[in-house]
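Since the structure comes first, as structure tokens, the remarks are kept for the end.
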Amino acid sequence: MKDLKWKVGGAQGEGIDSTGEIFAITLNRLGYYLFAYRHFMSLVKGGHTNYKVRISSEPINYHGDDLDILIAFDQRTIDENFYELKNNSIIIYDSSKFEAKTPDENVKVTLCPIPLYDFAKELGNSIMKNMVATGASCAAVGLEVTPFLEVIDDIFKKKGEKIINLNREAIQKGFNYFRENYPEIKLDLPDKKGKEKQNLFMTGNEATGIGALNAGCRFLAAYPITPATEIMYNAIANFPKFGGKVIQAEDEIAACMMAIGGNFAGVRSMTSTSGPGLSLMMEALGLAGISETPLVIVDVQRGGPATGLPTKTEQSDINEIIYGSHGEIPRIVITPTTVEEAFYYIQHAFNLSEKYQCPVIVATDMFLGMSKKSVTDLDFERVKIDRGLLLKDDELLKSGTGTFKRYDLSSEFGISPRSIPGQKNGRYVALGNEHEETGYETEDVEMRMKMMDKRMHKLNQFNPEELGVYYSEEDEFETLVIGFGSTHAQINEAQKVLKEKGLKVAHLQLKILHPFPSNIVKEKVEKAQKVFVIENNATGQLRQLIQLEIGAHVKLSSILKYNGNPFTVNEIVDGIIRKV
Amino acid sequence: MKDLKWKVGGAQGEGIDSTGEIFAITLNRLGYYLFAYRHFMSLVKGGHTNYKVRISSEPINYHGDDLDILIAFDQRTIDENFYELKNNSIIIYDSSKFEAKTPDENVKVTLCPIPLYDFAKELGNSIMKNMVATGASCAAVGLEVTPFLEVIDDIFKKKGEKIINLNREAIQKGFNYFRENYPEIKLDLPDKKGKEKQNLFMTGNEATGIGALNAGCRFLAAYPITPATEIMYNAIANFPKFGGKVIQAEDEIAACMMAIGGNFAGVRSMTSTSGPGLSLMMEALGLAGISETPLVIVDVQRGGPATGLPTKTEQSDINEIIYGSHGEIPRIVITPTTVEEAFYYIQHAFNLSEKYQCPVIVATDMFLGMSKKSVTDLDFERVKIDRGLLLKDDELLKSGTGTFKRYDLSSEFGISPRSIPGQKNGRYVALGNEHEETGYETEDVEMRMKMMDKRMHKLNQFNPEELGVYYSEEDEFETLVIGFGSTHAQINEAQKVLKEKGLKVAHLQLKILHPFPSNIVKEKVEKAQKVFVIENNATGQLRQLIQLEIGAHVKLSSILKYNGNPFTVNEIVDGIIRKV
Amino acid sequence: MVILKDFKVETNPTWCPGCGHYTVLAALQRAAANLGLEPDNMVLVTGIGCSSKISQHFNSYGVHSLHGRALPVATGVKLANHDLTVVAAGGDGDGYGIGVGHFMHTLRRNIDITYIVMDNHIYGLTTGQTSPVSQKGFKSKTSPHGSAEEPLRPLQTAIINGASFVAQAFAGDINQMTRIFEEGIKHRGFSHINVFSPCVTFNKINTFEWFKEHLVNLDEKSDYDYTNKYHALEFLDRHGSIVTGILYQEDRPTYHEVMIGATKTPTSKLDLTIPKEESERLKALFR
Amino acid sequence: MVILKDFKVETNPTWCPGCGHYTVLAALQRAAANLGLEPDNMVLVTGIGCSSKISQHFNSYGVHSLHGRALPVATGVKLANHDLTVVAAGGDGDGYGIGVGHFMHTLRRNIDITYIVMDNHIYGLTTGQTSPVSQKGFKSKTSPHGSAEEPLRPLQTAIINGASFVAQAFAGDINQMTRIFEEGIKHRGFSHINVFSPCVTFNKINTFEWFKEHLVNLDEKSDYDYTNKYHALEFLDRHGSIVTGILYQEDRPTYHEVMIGATKTPTSKLDLTIPKEESERLKALFR
Ligand SMILES: Cc1ncc(C[n+]2csc(CCOP(=O)(O)OP(=O)(O)O)c2C)c(N)n1
Ligand SMILES: Cc1ncc(C[n+]2csc(CCOP(=O)(O)OP(=O)(O)O)c2C)c(N)n1
Ligand code: SF4
Ligand code: SF4
Ligand SMILES: [Mg+2]
Ligand SMILES: [Mg+2]
């Protein structure tokens, strides 16, 4: 797989993101497969930010370890990103602002100074330096300028002719300058295998939002929090067209309780948040559990604990997601691994939540949630809406006017058919206290045991493996690498590298953590001589789950990263090689 | 060990509690060892309530499986408690209100009707029926009436002569009636081994409150919740004498944050709650963890999930206590097993919290928190206050006026000395974001790793076994029984029964769950052929911890109870015998 | 025809004999019957407390949720199906203590629900602690020397922050209370009704008698103008807030009519299928 | 002698150039210096938001706590050591959104702290969502068609519920703001100071200019009576709350003077040893 990696960096608030966006959107439209990763800090202006795009001829889920082209608006961008640059890479930098210094002479890097700022000033608006840089990038990768200009037309449609022309001019200026001054420089793009204007370019958060919509979710209650707010924006933009409602709640407790209310009243409802919000939802989670009300929570994990690293990625909420809330409830925990899966798995989440009448938590993370990739297609038909045991009006009518047994103990697998408000003969009280079959509060010891057993055994018939485990299908292997969620792509690439180095490596990626897919994990772990568990956290939460569920303590070894960034392929390769 | 078990039951709001109290206090003063258990429902009036007292010649921590004397104010009391009655036991009941029916003819029970209500009416106040019953109880166990009258004098001192005399008369009436009508009935009390007026009679909650006070805790912020509110009452009654402050917060989030503020400002501060409150504290817990602010939380567990069984006991918050809060923090989780330990361990909790600058959660439960026992003595000198690395004024003065490194990375074991507001040269910001040594917010990847490592490794030097594991000291055994917290007494008694039956049983009781006392658990589990883990919850949270920490999955077997009541000895014995 | 009985359940409430909450329940049942509401079309959402148990004793759909959280649940229910009559209820501890944040935000949104607070100036279910509206100096287990805190003024707070219907009733006057409930339920928008509902077990100060002695009945003041906020505030102030009647009412759009995604059809009744052309349109947003 | 520099830290704030929060910081530093406070005896407690970062930029002890939770932490600090000057600060989202419950309860207790809300009518740090005090119709990423909610009225709410000092300042007038901060800090009891502190990046409506145009300065109204609650409410209403100056002040005991366990000596300075006779007395309570 040939690829090219490009990055633009500068101070927050300088328009770095939109530079990246325009570059990426154009290439996506041309039919390249991209993966774009945004790095930013928890402050609004100033601070270093960058936008990296990896361009490939095949679908990819990771932005790559290294870098071919760096566009630098300041020296800090060079300093902070230099380590990524390959030999024979180039740095395009704003020579009207600074004289670039390269921190390491051993890496062969070509410096391409361009007076970005000055050009922009000439055009009358310093923010245009971004477009000049985009034009230069276009030239550097040997593309024609037209498709970029078309993207400009589209994006700035609403802003009017003047703005469009200014942007077009800036791009052209950068393009021309680069062609003229660095005619010898052209970094080859990989083959273009996708059709033009075919692939979607979207984030995990966007896929989650659209997936929820397709799942029939028509109510989102949420409170703003990085890196989950985008889900809310997406819902605000797209739910109304389908009669769906979105409310900005006063806090996450309210958001979660509203979603419970919505589900109780028969609308598929969800809330989206990140760690701090999740912690605030712990009591509500228990209410959904004991009252057997469906509930979908999306946790876009970020660096913890507390406020932690609000704009960085981590996979460290797993423990709280699985074990949080006092007392004991059934729950399902899903961890999609790609943008596409963010779309499909949120749909499964709604189906499972209504089928098992229990909360389902979808745990993604900032890396998956906010990174953008080229998606070949989304199949809106693949996951059918299955609303579980919702009673029909006539079924309820037939049942007579006696008190409705919402928590009927004789129900198969402990899942009792639900009614929703407005339905005749279906009245009941959903409550957080222990209760009888009718929902009436009880402290009776027998009833308590029966209700606990009913709830806790509901998931016995659910086979988590059906939902989500990726296995690389090696028949023979010595080393097993296990991960969950967004680390999929890097582990996958690492596996290839390790195989090339002659190691017999298999890869197991979990997409569901609770109920735990014990059978397959057990089978593979038993076959392995050594097992590496790869996680973006400090305590090895998945490793602990495996120990708890499978045992095999001595075989397991953790490779952890918890500095806020996603794994590189190299870190995984190195980590494994050092220990096998 | 000879013992006698007595119980009084009736409708909530009828004064059942005070009947039990007066009976128990008198016996405690006489030098008997008691354990008293309160059963009540989550409503204020009506509903069945009872108060059971077990009287023994030795200190005990459990109210016993069966019953010798039942005082019944209604038929429901007989129906709900009959199963406990031994052969040759007696029921004293209010014959002015109902005609007692015994549900099982096979149990030989003597019925002693007494017109309690009519007597009370004669005295002009129906509530006096309780005192009549107390008098009858006194006669039934062959005691003289004088000590009871003395207790009446003490308790009603503030209410005046008239009330005292009324109560005295009522007791005398009950006593005389019983002596006259049932001269042949006398159930023997065990030998009295304690000194008169020596033993304390107190609950786990009271011991927690007094222990906290002795630990130097001078600030409690809490929100009312059964079964933890008593800790707050205790603090309100006793802290002020020592300048300590108590605030009823607006909710549990505020309570926990206030306690963090108090600790930050140099006062040992705590909050007390039960499950629902604990769930609300999850975010705050993380703040204490990352900002390295000491914090003590007491969780008096009750039946979960959500509102669950608010007046029943359970040990089901352990998972949340250990794994709750998003992200990763160091914490210590202590589970005292007796009222005495509730006193001593809360003191260790404060010492550990300041020593390791991390949250310490003390998890008791309603059974331990609200049951009352005769305590031989409390040693106020045993646990010395150790405030950990609190910098002295002159140390800070010497340090110069440069910025204070609150999170000094060079500190031994990662524990950096603390300053408190008001101290010169100690200024810093405690924060929930990742930070540098000075406390200033950072997103630097190196610093992030160092700070995470600092925090997560702080407890490496702490040996949890030193703090709290009970082992029954068998050299040889086949069966190992493991429990934690308040199940101690029943497992202990069960062990004796099992030994009498010829089983080789050892008993390990954990008083700390996190960090996990792996060494001793591993050693004992390895020696055992079969391990039973006894827990008041539905999912076997301790068993899971053992699997995670030790492995040995196949040896482990759970005996669980989650109907809201504490274990009986028999349930444990039976459970084990059925499986070995 | 719906009759009173339709709103009754078989089991008896577990409140203490004489508790004010009984009459609140009865008045709500009467109001619902008088308005001809369908029990199947009503949802009563409560928090946790003695008062909050009312959702178990009232025969409609119900959620007996978490302490302090009735309002967000009620909001969720209403937005999911605005054809439902949604009533939220709970105690003063529940609504003005732990739940006061939700109170503030729900009322300013003008969600079309009726919120009944059964105010006994104490925490009943947890057996008698000071509540956020207990009078200054009030003695309880948590304030043995008398409360040191200024009580909150929920009615005034509601009026000032945009509640469109604010009233107060008294459990000792079931007829007025029933009328107020009817008006509150009929009102389109957030109706805040505080009901003095004495706790006969733990509050020996603010008893039925005490309220009877102190209460001023707005129905007897013919010159009271309930469309004037400042009039209401001043009146409450003058009478130490011990007033019954409709204090303030205003007509303005309710939230589900103006919120993001507002629809005529209740959300719960919408067809969920996404037509092919719509899925293609959605995908096109990302090209 | 303490000078202005003592309240400055070495690192520069990370706010956007021109953000109102800069002047709030400067005014607080000036006020502290003018009052001759010791940086070591001050604690600045904040929540989370751009505004809440002020605790990192002000040279005193500080807690940069959790979103919405500055007030309970500040309460804990003050009760632990009432000799400290405790200032709580944060944004409008922090204080009136997620944190409004704590606001209500802290003010009615009259905890002796100064609470500065840097109100920009928007969520800044999370890059521009509608806040609970955003004007009706305000457009943002979460209300693209304009906010459908009535904004909260925090000043009025504070006045009505027992705050003993209520004022409003404007980041565009550092002198008045400094004076108000000084008065607020000097005031014994809860001081609520709302500061209009424009977010130059995300709020293009409520800009410095906008405020300058609309603001009414109480200092210029010689007949204003700040001891009269209803005067204050009416005045705020008349001017759409866009007023600066001290709106209301009242002298009453602060919480730590009257609470359970009140002491003259700060709690943090108490000797912790329990004498033998006291431990015996404690034990005797249980015999
Ligand atoms: C999170 C949480 N904290 C505390 C409690 C305990 N609790 C139950 S009811 C209640 C107060 C009830 O008072 P109020 O709302 O005034 O109702 P009342 O019983 O007086 O009718 C409290 C504190 C709880 N259930 N959940
Ligand atoms: C529990 C929780 N929810 C959400 C967030 C995300 N968050 C951080 S700051 C903020 C809003 C800040 O707005 P404001 O308080 O008005 O301060 P400003 O940035 O405008 O100064 C939010 C929602 C969080 N940190 N914690
Ligand atoms: S305790 Fe008070 S509020 Fe609760 S039921 Fe009894 S009288 Fe009513
Ligand atoms: S985003 Fe707004 S509030 Fe935040 S620093 Fe920038 S201008 Fe100030
Ligand atoms: Mg109440
Ligand atoms: Mg703001």
Side-chain angles (χ1 to χ4, degrees), chain A residues 28-29 197-202 206 210 213-214 216 218-219 221 236 238-247 249-251 253-255 257-262 264-267 269 283-284 287 291 375 377-378 380 385 403 420-433 440-441, chain C residues 9-11 14 38-45 48 53 55-56 59-67 69 71-81 83-84 101-102 104-106 109 255-256 259-263 265-270 272-274 276 278-279 282-287:
Chain A
N28 182 65
R29 286 198 183 169
K197 300 197 179 161
Q198 175 61 40
N199 292 340
L200 322 182
F201 188 51
M202 69 198 310
E206 288 167 336
I210 298 293
L213 184 62
N214 196 41
R218 291 297 177 271
F219 182 43
I236 289 172
N238 297 308
F239 278 26
K241 184 87 209 279
F242 304 91
K245 290 179 169 148
V246 182
I247 184 168
E250 57 269 31
D251 60 27
I253 297 178
M257 294 302 277
M258 286 175 185
I260 290 175
F264 170 79
V267 172
S269 310
E283 198 194 6
L287 174 65
S291 68
V375 169
D377 194 16
L378 294 179
F380 277 62
I385 294 177
T403 329
I420 62 167
Q423 287 189 300
K424 278 233 175 312
N425 297 346
R427 294 193 298 278
Y428 74 100
V429 181
L431 82 177
N433 293 65
Y440 200 81
E441 186 178 340
Chain C
V9 297
E10 275 163 34
T11 45
T14 50
E38 287 290 338
D40 297 312
N41 275 324
M42 264 189 94
V43 181
L44 179 54
V45 183
I48 299 292
K53 296 197 182 206
S55 53
Q56 295 192 41
N59 196 32
S60 72
Y61 280 91
V63 185
H64 186 178
S65 71
L66 295 173
H67 189 42
R69 315 299 172 197
L71 289 174
V73 174
T75 298
V77 172
K78 186 73 193 183
L79 300 184
N81 182 354
D83 277 355
L84 298 169
H102 306 305
M104 304 283 286
H105 293 289
T106 311
R109 288 187 193 115
Y255 192 72
H256 68 265
M259 73 179 298
I260 300 172
T263 46
T265 315
T267 314
S268 66
K269 307 228 163 103
L270 294 169
L272 300 181
T273 44
I274 294 190
K276 186 83 188 153
E278 281 301 320
S279 59
L282 285 167
K283 285 195 262 180
L285 297 173
F286 301 96
R287 283 197 182 110

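Convention: sequence-line order gives letters A, B, ...; per-chain numbering from 1. Here the structure is a predicted model, which is why all the values come from computation and not from measurement. Quick note: numbers below take in every heavy atom, side chains included, and nothing from hydrogens, waters or symmetry partners.
- For chain A, no part of C/Lys269 is nearby; none of its heavy atoms comes within less than 4.5 Å.
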Check your understanding: Going through the distances and angles, do A/Leu287 and C/Ser65 end up as a side chain to side chain contact (heavy atoms under 4.5 Å, CB included)?
Key -> CA-CA 7 Å; A/Leu287 174 65; C/Ser65 71; 4.0 Å; yes
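- Your options are C/Ser60, C/Gly261, C/Ala284, C/Gly62, and the one with the most heavy-atom pairs under 4.5 Å with chain A is C/Gly62.
- Contact tally against chain C (heavy-atom pairs below 4.5 Å) for A/Gly244, A/Gly426, A/Pro240: the top residue is A/Gly426.
- Looking only at heavy-atom pairs under 4.5 Å with chain C, the residue among A/Ile210, A/Val375, A/Ile236, A/Ile253 that has the most is A/Ile253.
- In terms of heavy-atom pairs under 4.5 angstrom with chain A, the leader among C/Lys276, C/Met259, C/Arg109, C/His67 is C/Arg109.
- With a threshold of 4.5 angstrom between heavy atoms, A/Arg29 approaches chain C through side-chain atoms but not through N, CA, C or O.
- With a 4.5 Å cut-off on non-hydrogen atoms, C/Ala74 does not touch chain A at all.
- Both the backbone and the side chain of C/Leu66 come within contact range of chain A, with heavy atoms under 4.5 Å apart.
- The choice from C/Val45, C/Asn41, C/Asn59, C/Thr265 that makes the most heavy-atom pairs within less than 4.5 Å of chain A is C/Asn59.
- Atoms CE and NZ, from A/Met258 and C/Lys78 in turn, are 14.5 Å apart once rounded to the nearest 0.5 Å.
- For C/Asp83, no part lies under 4.5 angstrom from a heavy atom of chain A.
- Only the side chain of A/Phe219 has a heavy atom closer than 4.5 Å to any heavy atom of chain C.
- Your options are A/Ser269, A/Ala254, A/Ala284, A/Ala259, and the one with the most heavy-atom pairs under 4.5 Å with chain C is A/Ala254.
- When all heavy atoms are compared, the tightest approach of A/Lys245 to C/Ala262 is CE-CA, 4.1 Å.
- If you tally non-hydrogen atom pairs under 4.5 Å between each of A/Asn28, A/Asn238, A/Ile260 and chain C, the highest count goes to A/Asn238.
- For C/Val43, the part sitting under 4.5 Å from any heavy atom of chain A is the side chain, from C-beta outward, and nothing else.
- With respect to chain A, the highest number of heavy-atom pairs below 4.5 Å among C/His105, C/Met104, C/Arg287, C/Glu10 belongs to C/Arg287.
- Residue C/Ile274 holds its CD1 atom at 10.5 Å from NZ of A/Lys241, rounded to the nearest 0.5 Å.
- The distance from the CG atom of A/Leu378 to the CZ atom of C/Phe286 is 8.5 Å, given to the nearest 0.5 Å.
- If you measure heavy-atom distances from C/Ile260 to chain A, the contacts under 4.5 Å come from both the backbone and the side chain.
- Counting heavy-atom pairs closer than 4.5 Å to chain A, the top-ranked of the candidates C/Lys53, C/Glu38, C/Met42 is C/Lys53.
- Between A/Asp377 and C/Lys283, the shortest heavy-atom contact is OD1-NZ, 2.9 Å.
- Both the backbone and the side chain of C/Leu79 come within less than 4.5 Å of a heavy atom in chain A.
- With a 4.5 angstrom heavy-atom cutoff, C/Pro39 touches chain A via backbone and side-chain atoms both.
- C/Leu285 touches chain A through its side chain: at least one heavy atom from C-beta onward sits under 4.5 Å away, while N, CA, C and O do not.
- Proximity to chain C (any heavy atom under 4.5 Å) is restricted, for A/Lys197, to the backbone atoms N, CA, C and O.
- Here the closest heavy-atom approach between residue C/Leu84 and residue A/Pro421 is recorded as CD1-CB, 3.7 Å.
- Neither the backbone nor the side chain of A/Phe239 comes within less than 4.5 Å of any heavy atom of chain C.
- Summarising the geometry, atom OG1 belonging to C/Thr263 is positioned 11.0 Å from atom CZ belonging to A/Arg218; distances are rounded to the nearest 0.5 Å.
- The backbone N or O of A/Gln423 lies less than 3.5 Å from a partner atom in the side chain of C/Tyr61, making a donor-acceptor pair.
- Between A/Asn433 atom CG and C/Gln56 atom CD the span is 6.5 Å, to the nearest 0.5 Å.
- The distance from atom CD of C/Glu278 to atom CG of A/Leu213, rounded to the nearest 0.5 Å, is 9.0 Å.
- Your options are C/Thr267, C/Leu44, C/Thr273, C/Leu270, and the one with the most heavy-atom pairs under 4.5 Å with chain A is C/Thr267.
- For A/Phe264, the part lying near chain C is the side chain, with the backbone staying farther off; criterion is any non-hydrogen pair under 4.5 Å.
- For the set A/Ala265, A/Ala255, A/Gly266, A/Ala221, the entry with the most heavy-atom pairs within less than 4.5 Å of chain C is A/Ala265.
- With a 4.5 angstrom heavy-atom cutoff, C/Ile48 touches chain A only via side-chain atoms.
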